[in-house]
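Below: the structure, in structure tokens.
All values derive from a computational prediction rather than experimental measurement.
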Amino acid sequence: MAEVATDQLQVWVDQDLCTGDGLCVQYAPEVFEFDVDGLAYVKGPDGELVQAPGGRVDVPEHLRLEVIDSAKECPGECIHVVRGGDGVEVAGPEADD
């Protein structure tokens with residue numbers, strides 16, 4: 001029986017490239033939120049924004065597609081979705097499409 005890949009995904013936002021467009025917040029408001037600077041940040045399960053550069057949060061299982069779509073549709077190409085196990089980018093500007 002083939003095993004389905006269930007790698008934990010993590011996501012982070014490069015604020016230097018964020019255009020403040022808001023698609024990510026529309027796609028997955030549980031994961032992305034604007035701060036007072038008008039840029040998008042990821043937030044942890046506690047709702048706290050992760051403001052450290054490159055700070056990652058785990059992607060909730062039920063929001064995987066929304067977060068991946070956010071990375072693919074982002075006009076600023078600033079959302080990075082990586083596999084937690086090995087850090088390989090699966091969606092975002094550095095992903096192999």
Side-chain angles (χ1 to χ4, degrees):
M1 187 167 144
E3 190 172 328
V4 178
T6 56
D7 287 335
Q8 176 63 53
L9 297 181
Q10 296 180 322
V11 61
W12 63 281
V13 176
D14 182 343
Q15 281 77 31
D16 290 339
L17 299 176
C18 181
T19 60
D21 197 84
L23 282 176
C24 59
V25 177
Q26 291 175 17
Y27 274 109
E30 292 175 55
V31 176
F32 303 102
E33 186 174 309
F34 284 124
D35 199 6
V36 294
D37 59 8
L39 302 177
Y41 290 81
V42 291
K43 56 184 178 178
D46 58 1
E48 290 294 315
L49 297 186
V50 176
Q51 295 182 312
R56 300 176 178 181
V57 298
D58 290 336
V59 176
E61 185 78 25
H62 67 285
L63 292 174
R64 288 170 71 122
L65 287 177
E66 288 85 349
V67 170
I68 288 170
D69 284 345
S70 297
K72 289 181 176 177
E73 300 297 325
C74 176
E77 296 187 346
C78 65
I79 299 170
H80 300 265
V81 183
V82 298
R83 287 194 305 241
D86 58 12
V88 171
E89 188 153 319
V90 296
E94 296 169 15
D96 294 331
D97 286 330

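Taking each heavy atom of T19 and G76 in turn, the nearest pair found is CG2-CA, 3.7 Å. When all heavy atoms of I68 and A91 are compared, the closest pair comes out as CG2-CB, 3.9 Å. V59 approaches R64 most closely through the heavy-atom pair CG1-CA, 3.9 Å. Residues C24 and F32 come closest through the heavy atom pair O-CD1, 3.4 Å.
Using a 4.5 Å cut-off on side-chain heavy atoms (C-beta onward), V31 and P60 make contact. Within the 4.5 Å cutoff, the side chain of Q26 has no heavy atoms near those of the E73 side chain.
Here L23 sits in one hydrophobic cluster together with Y27; the rule is ILVMFWY side chains under 4.5 Å apart, joined directly or through other members.
Hydrophobic cluster membership differs between V13 and L49, with clusters built from Ile, Leu, Val, Met, Phe, Trp and Tyr side chains linked at under 4.5 angstrom. No chain of hydrophobic side-chain contacts below 4.5 Å, direct or via other Ile, Leu, Val, Met, Phe, Trp or Tyr residues, connects W12 to V25.
Sorted by first then second residue, the side chain to side chain donor-acceptor pair (under 3.5 Å) pairs that include residues 77-95, not counting sequence neighbours, are H80-E89, R83-D86.
Looking at V81, V50, V82 one by one, the single match for side-chain contact (heavy atoms from CB on, under 4.5 Å) with V11 turns out to be V81.
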**Report entry** Chi angles and distances behind the side chain to side chain contact (heavy atoms under 4.5 Å, CB included) call for V90, L9
**Finding:** CA-CA 9 Å; V90 296; L9 297 181; 3.9 Å; yes
What side-chain donor-acceptor pairs closer than 3.5 Å can you find for residues 35-47, not counting sequence neighbours?
residue: D35; atom: OD2; partner: Q51; partner atom: NE2; Å: 2.3
residue: D37; atom: OD1; partner: L39; partner atom: N; Å: 2.9
residue: D37; atom: OD2; partner: Y41; partner atom: OH; Å: 2.6
residue: K43; atom: NZ; partner: P29; partner atom: O; Å: 3.1
residue: K43; atom: NZ; partner: E33; partner atom: OE1; Å: 2.7
residue: D46; atom: OD1; partner: E48; partner atom: N; Å: 2.9

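With rounding to the nearest 0.5 angstrom, the CG atom of D69 is 10.5 Å from the CD1 atom of I79.
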